Each structure stands twice: as structure tokens, then as C-alpha cells.
Amino acid sequence: MPWNFPIFLTWMRVLLIPVFTALFFLPKGVFDNHTINWLAAAIFAIAAITDWFDGFLARRWKQTSDFGAFLDPVADKLMVAVALILLVSLGRTYAIFAMIIIGREITISALREWMAQTGKRGSVAVATIGKLKTTAQMAAILCLLVGLRDFYGHDLIFIGNILMFIAAVLTLWSMFYYLKMAWKEFQ
């Protein structure tokens with residue numbers, strides 16, 4: 001396993017998952033809900049930023065590796081799946097959004113793995129639609145983690161769910177896009 005700063009950032013994202021999760025299971029009275037929401041949003045924001053930053057640095061410093069290419073999307077998908085499950089359990093978003101997003105991630109990960117085995121991984125490389133989906137998804141999750149009904153006159157749960165709906169639509173769109181790109185290999 002190669003060791004460099006971009007991979008360190010990716011591992012940091014993985015290690016933040018139990019910290020992020022533990023916030024919601026602290027004994028009552030350790031922090032109030034408002035503080036827990038902001039801490040969770042801050043941890044998730046750090047994870048989202050490092051998701052972009054580790055890939056940027058790896059490319060810029062020419063420190064890309066097969067292991068980093070494997071670990072980065074796994075860390076991202078784990079953090080998003082945990083956040084979605086927690087948000088559904090808190091009643092801040094709808095289970096259908098979580099099912100669509102998590103289901104798509106499993107489907108596309110399996111597709112990419114299969115395409116890699118056939119030597120055609122480039123057929124399902126990350127596209128702009130996937131990046132738009134990720135942006136909407138991250139913004140939605142951040143709004144929902146903060147979870148305020150009145151944030152300077154704005155209902156963040158409502159806004160988060162609008163963004164989550166957009167993310168779910170983009171999720172399906174991107175899944176069909178990637179399946180279409182791989183369709184030639186299915187025949």
C-alpha cells in the first residue's frame with residue numbers, strides 16, 4: 001500500500017465515519033441537539049472537502065495509485081451512506097432518497113468493478129453528471145444535518161429535501177448514463 005498525503009486524507013475520511021456516527025449516540029446532556037447537528041455538519045463538510053482535495057492533490061503531485069483510486073470512492077460512499085441512514089432515522093429526509101442513492105452507488109461500483117475486470121474501466125469514468133449529483137447530494141446532506149427550520153428565515157430541512165430530490169433525480173440520470181456507456185460491453 002502506497003503512503004502519501006492524499007491517501008492520508010482519504011484514510012482520515014474513513015476514520016471520521018465512527019466519530020460522525022457516535023455524535024448521534026452520545027448520552028443525553030453531553031451536547032444539546034443543536035451542537036450535535038453543527039458538529040456533525042462540520043465533520044461531514046471536512047469529509048466532503050477532503051474528498052475533492054485528496055484527488056486534486058494526488059493528480060497535481062503525481063501521487064495517484066491503484067490503491068488510492070480504490071479507497072477514495074469507498075470512503076466517499078461509506079460516509080454518504082452512513083449520513084443518509086442517520087438522516088432517515090432522524091426523520092429529516094425520506095427513505096426513498098436514501099434507497100435510490102445507496103442503490104445507485106452499489107450498482108455503479110459493481111459496474112465499474114466488472115468493467116475493470118474486462119479492461120474497459122474507462123467506459124464508465126466519472127462524468128460531469130456524476131459530479132453534479134455529488135454536489136447536490138453533499139449540499140443536501142449538509143442542510144439536513146444542520147436541520148434548522150429557521151436559519152435566517154430559511155427552512156434548511158425543506159431546502160435539504162429539495163436538494164435531495166434533485167440529487168436523487170441526478171443519481172438515476174447518472175446511473176442510466178453509466179449503464180448506457182457500458183451497454184456495448186454487455187452485448
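Keep in mind it's a predicted model, so treat the numbers as computed, not measured. All heavy atoms count here, side chains included; hydrogens, waters and symmetry mates do not.
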Would you check if the side chain of Asn161 reaches a backbone N or O of Met164 as a donor-acceptor pair within less than 3.5 Å? no
Side-chain heavy-atom pair Val19, Leu15 within 4.5 angstrom cut-off: no
Tyr94 and Phe97 aromatic ring geometry - parallel, tilted or perpendicular at 30°/60° bounds: perpendicular
Donor-acceptor check, side chain of Arg104 to backbone of Leu172, threshold 3.5 angstrom: yes or no? no
Spatial distance of atom CG (Leu39) from atom CG (Leu145) [nearest 0.5 Å]: 11.0 Å
Compare all side-chain heavy atoms of Gln63 with those of Leu57 and state whether any distance is below 4.5 angstrom. no
Closest heavy-atom contact between Ser174 and Thr171? OG-O, 3.0 Å
Please examine the side chains of Phe24 and Leu90, heavy atoms only from C-beta on, and report whether any two atoms are closer than 4.5 Å. yes
Check Arg13 with Asp51, please: is the shortest side-chain N to carboxylate O separation under 4.0 Å? yes
Under a 3.5 Å distance rule, please check whether Thr107 uses its side chain to pair with a backbone N or O of Gly103 as donor and acceptor. yes
Tell me the closest heavy-atom pair linking Ala40 and Leu23, and the distance in Å. N-CD1, 3.5 Å
Find the distance between NE2 (His154) and SG (Cys143) and round it off to the nearest 0.5 Å. 10.5 Å
Any chance you could lay out the side-chain contact (heavy atoms from CB on, under 4.5 Å) test for Lys133 and Ile166, step after step, and finish with the verdict? CA-CA 8 Å; Lys133 180 264 315 173; Ile166 292 167; over 6 Å; no
Within the 4.5 Å heavy-atom criterion, are Phe56 and Arg60 side-chain neighbours or not? yes
Trp38 and Leu148: side-chain contact (heavy atoms from CB on, under 4.5 Å), yes or no, with the steps? CA-CA 10 Å; Trp38 280 103; Leu148 294 176; 4.1 Å; yes
When you group the ILVMFWY residues by side-chain heavy-atom contacts below 4.5 Å and let the links chain together, are Val80 and Trp11 in the same group? yes
Side-chain touch Ile108/Lys77, heavy atoms, less than 4.5 angstrom: no
Heavy-atom closest pair, residues Leu142 and Ala41: CD2-O, 3.3 Å
Minimum side-chain heavy-atom gap Gln137-Leu163 below 4.5 Å: no
For Gly147 and Ile157 the tightest heavy-atom approach is O-CD1, 3.5 Å
Say whether Val74 and Ile43 are linked into one hydrophobic cluster, either directly or through other cluster members, by side-chain heavy-atom distances under 4.5 angstrom. yes
Which pair of heavy atoms, one from Ala75 and one from Ile17, lies closest together, and at what distance? O-CD1, 4.3 Å
side-chain contact (heavy atoms from CB on, under 4.5 Å) between Leu170 and Thr134, intermediate numbers included: CA-CA 9 Å; Leu170 291 172; Thr134 299; over 6 Å; no
The reported gap from CD1 in Ile49 to CG in Asp54 (rounded to nearest 0.5 angstrom) is 12.0 Å
Please confirm whether the backbone N or O of Ala47 pairs with a side-chain atom of Thr50, one donor and one acceptor, at under 3.5 Å? yes
Do Met175 and Ile101 have side chains that approach each other closer than 4.5 Å (heavy atoms only, starting at C-beta)? no
Let me confirm one number: the CG-CZ distance from Leu144 to Phe158, rounded to the nearest 0.5 Å. 12.0 Å
Distance col, row Phe53:CZ vs Phe5:CZ, nearest 0.5 angstrom, shows 6.5 Å
Give, for atom CD1 of Ile162 and atom CG of Asp155, the distance between the pair rounded to the nearest 0.5 Å. 10.0 Å
Looking only at heavy atoms, which two atoms of Phe31 and Thr35 are closest? And how far apart? CD2-CG2, 3.7 Å
Side-chain donor/acceptor of Arg149 to backbone N/O of Leu156, under 3.5 Å: no
Would you say Leu86 and Val88 are hydrophobically clustered, going by side-chain heavy atoms of ILVMFWY under 4.5 Å? no
Can you label the angle between the Phe44 ring and the Phe20 ring as parallel, tilted or perpendicular, going by 30° and 60°? tilted
Is the CZ atom of Phe165 crowded by more than 12 outside heavy atoms at less than 6.0 Å? no
Counting C-beta onward and ignoring hydrogens, is there a side-chain heavy-atom pair between Ile46 and Met12 closer than 4.5 Å? yes
